[in-house]
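One structure is given here, and the rest of the page talks about it.
Numbers restart at 1 for each chain; the letters A, B, ... are given by sequence-line order, proteins then strands.
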Amino acid sequence: MQTMERQRVAPVHPRPRRPAPWPVEFYRSTVGMKWVMAVSGIFLMGYVFLHMLGNLKLYMGADDINHYGEFLRDLLVPIFPRTVTLWLLRIGLILAFFFHVHSAYRLTRINRRARAEGGYISKRDYQAATIASRSMRMTGVVILLFVLWHLADLTWGTANPDFVRGDVYRNVVASFERPVVSLIYIVANIALGLHLFHGAWSMFQSLGLNNPRWNSVRRGFAAGFAGIVMVGNLSFPIAVLTGVISADDNPDCRVVDGVIETCELYAGEGEG
Amino acid sequence: MSGASNETIDVVLHVWRQPPGGEGRMVTYTEEAKGISPDMSFLEMLDVVNERLIAKGEEPIAFEHDCREGICGSCGMMINGQPHGPQKGTATCQLHMREFRDGDEIYVEPWRARAFPVLRDLIVDRSAFDRIIEAGGYITAPTGSAPDANLIPVPKEAADAAMDAAACIACGACVAACPNNAAHLFTAAKLQHLNLLPQGQAERYQRTVAMVEAMEEYFGSCTMHGECQEACPKEISVDFIAYMNRDFVKAQLKNRKLAGQT
Ligand code: FES
């Protein structure tokens, strides 16, 4: 048999010739992108956790949660003017979100290119990959779309016909009373739970924070974290749908002839 | 030894056949894969099938093999959706037909990754791995004649960990197993068996950057499915990948000139 003619295997992702300045060069590499993804992921995890924790005040009534909303706007006053701290946090959050999504998008494209056309004909028999790890991209997209919806629903109020600015409690109840909306929240938070489960575990790997002493608790940490956030978040729409939380329970917030009266606390808007 | 069994099994073999430069397809062999002894290794079973194919005047199934004792890394193939088949920590040549039952359907495919083009049937070109090794998988210091064994003290733990990494036989199962076709486990193993030892320190960071960059030219990125570790016939741990990531980030943050590394 003749010797087979070998073509040199061409690089799948040829590197740009010119080296870039350090942070760009770092972000060009997939290991660097994964590092950025992990760091932004930690920031987003912290946010998601505090967000859930703050929302638990729904169970304490309108006064508590609405006060909490005001408190966030008043953070670090008078060092900074009102809402400045909140905006700084929001900008950090937007940046983290942007880089998280951007690196995910670029890595996905790189990974797609690395695969052989057609892939395996026979069925793969996965041993370690989980539903969470295999659906990261899908759950990521679901969360991205959900965040846009969530902002429109409860921050800007454009998707919530009964929206009253500053009245967190009423807005949440008015939104979740619509079963379709609650369903969106439930589906999105299950996706978030799965996403967190794989992310909270694998970020240690991306950061290189790997210590045999800790490895055994990594899965547990990821499961616990994802579980707590998911259960907390899922409880809100369910509580509204089952009437555990409702506007009528609250002496301050009432619906009069189908029109929402704002809570007493915020009757005088604009004092801030 | 527990004596060879006289019973044989009949299996149905579905094998990827692809002429050089041509289109491939799955071909089913039923008659040729009858009367297989469970004591045969998987490759011996393929040998038997090939003898029968040759007797019929057909082209035998091309597959790579050399040592047949799990140390050369050439015999990799996808068997029933698992690299090197169903037995953990075993290369295809060490897999035995006793892992299969009479009447089993067995699907055999080459590794699939863009960086591993199929040359013929089950043989792929793994020279992308060579590009990674060329980038820095060696030590340039002149070593002279054989030094005294204990001249450079190496802690037992470091020696053990380096040996665990050095067990890599570069078969490509990690790339084949990875849904992203990442070569992180291979590269990490080839890095760490040097980076863990005193002799490897002088070029540690430049080696890490060079090899990671070469790897990224050919392969995908890690999303931590953990499939590579399961597929590895040498059971190399994904923990090495974390160490590679750490060294890469460190190398980026270091003033490498002052650290004596370019
Ligand atoms: S033939 Fe050498 S490892 Fe299988």
Side-chain angles (χ1 to χ4, degrees), chain A residues 1-2 4-15 22-23 25-26 28-35 38 106-108 110-130 133-134 136-137 198-199 201-212 215, chain B residues 14 16 20-21 25-26 78 80-82 86 88 107-109 111-120 123 125-128 131 177 179-182 184 209 212-213 215-231 238-239 241-250 252:
Chain A
M1 195 171 67
Q2 272 178 311
M4 273 179 282
E5 216 178 277
R6 282 202 179 195
Q7 295 135 312
R8 226 183 123 92
V9 180
V12 178
H13 322 288
R15 288 187 72 75
W22 167 70
E25 190 71 36
F26 182 56
R28 245 181 210 170
S29 78
T30 66
V31 174
M33 273 188 271
K34 288 293 292 191
W35 189 86
R106 282 188 48 198
L107 286 166
T108 302
I110 287 173
N111 293 347
R112 290 257 156 86
R113 266 190 65 74
R115 290 214 293 251
E117 258 164 77
Y120 292 102
I121 311 293
S122 50
K123 214 172 131 329
R124 274 300 314 276
D125 185 358
Y126 287 112
Q127 302 298 302
T130 59
S133 79
R134 299 208 60 214
M136 278 309 261
R137 284 157 199 152
H198 185 67
W201 177 67
S202 64
M203 66 181 188
F204 294 102
Q205 189 82 0
S206 303
L207 293 172
L209 292 180
N210 190 310
N211 188 326
N215 282 352
Chain B
H14 306 271
W16 181 260
R25 64 196 178 93
M26 292 299 268
M78 191 60 104
N80 282 348
Q82 286 189 53
K88 257 200 85 156
Y107 291 82
V108 191
E109 280 190 76
W111 293 161
R112 304 230 188 247
R114 183 157 314 194
F116 287 170
V118 175
L119 295 175
R120 180 195 281 262
I123 302 177
D125 182 351
R126 283 174 294 134
S127 56
R131 303 291 94 78
N180 307 314
N181 285 144
H184 279 52
V209 171
V212 167
E213 283 178 352
M215 165 188 90
E216 291 182 341
E217 284 198 28
Y218 293 91
F219 298 98
S221 80
C222 177
T223 52
M224 267 313 290
H225 289 294
E227 283 296 325
C228 52
Q229 176 180 278
E230 295 301 312
V238 289
D239 290 354
I241 297 176
Y243 288 104
M244 172 178 79
N245 292 342
R246 178 154 70 191
D247 271 3
F248 183 80
V249 174
K250 266 198 207 162
Q252 297 284 348

**Prompt:** Got more than 12 heavy atoms from elsewhere within 6.0 Å of CH2, Trp111(B)?
**Reply:** yes
With no hydrogens and no angle check, is any side-chain donor or acceptor of [X] less than 3.5 Å from a backbone partner on [Y]?
X         : Y         : result
His198(A) : Thr223(B) : yes
Gln127(A) : Glu227(B) : no
Lys34(A)  : Cys222(B) : yes
Tyr120(A) : Arg112(B) : yes
Arg114(B) : Ala116(A) : no
Gln205(A) : Met224(B) : no
Asn111(A) : Ser221(B) : yes

For chain A, which of [options] has the most heavy-atom pairs under 4.5 Å?
options                                  : result
Arg131(B), Lys88(B), Met215(B), Met26(B) : Arg131(B)
Cys228(B), Gly226(B), Ala177(B)          : Ala177(B)
Glu230(B), Glu109(B), Arg246(B)          : Glu109(B)
Ala128(B), Pro179(B), Ala182(B)          : Pro179(B)

With respect to chain B, which residue among [options] yields the maximal number of heavy-atom pairs within a distance under 4.5 Å?
options                                   : result
Gly118(A), Ala10(A), Ser206(A), Ser133(A) : Ser133(A)
Gly32(A), Ser29(A), Ser202(A)             : Ser29(A)
Gly119(A), Ala114(A), Pro23(A)            : Ala114(A)
Lys123(A), Arg112(A), Arg113(A), Glu25(A) : Arg113(A)
Glu117(A), Met136(A), Arg28(A), Arg134(A) : Arg134(A)

So which part of [X] gets closer than 4.5 Å to some heavy atom of chain A, the side chain, the backbone, both or neither?
X         : value
Glu216(B) : both
Tyr218(B) : both
Val118(B) : neither
Asn80(B)  : backbone
Glu213(B) : both

**Prompt:** In Å and rounded to the nearest 0.5 Å, what is the NE2 to OH distance from His225(B) to Tyr126(A)?
**Reply:** 7.0 Å
**Message:** Would you compute the distance between atom CE of Met78(B) and atom CD1 of Ile121(A) and round it to the nearest 0.5 angstrom?
**Reply:** 11.5 Å
**Prompt:** Does Tyr107(B) have any ring-ring contact (aromatic ring centres under 6.0 Å, His included) partners at least two apart in sequence or in another chain, and if so, which?
**Reply:** His14(B)
**Request:** Over all heavy atoms of both residues, which pair between Val9(A) and Ser127(B) is shortest? Give the atoms and the distance, please.
**Result:** CG2-OG, 3.7 Å
**Message:** Taking side chain as everything from C-beta outward and backbone as N, CA, C, O, which of these in Arg106(A) sits under 4.5 Å from a heavy atom of chain B? Side chain, backbone, both or neither.
**Reply:** neither
**Request:** Can you sort out the partners of Ile110(A) under side chain to side chain contact (heavy atoms under 4.5 Å, CB included), two or more places apart, ordered by chain and number?
**Result:** His13(A), Thr30(A), Met33(A)
**Asked** Are Phe26(A) and Val249(B) close enough that some pair of their side-chain heavy atoms sits under 4.5 Å apart?
**Response** yes
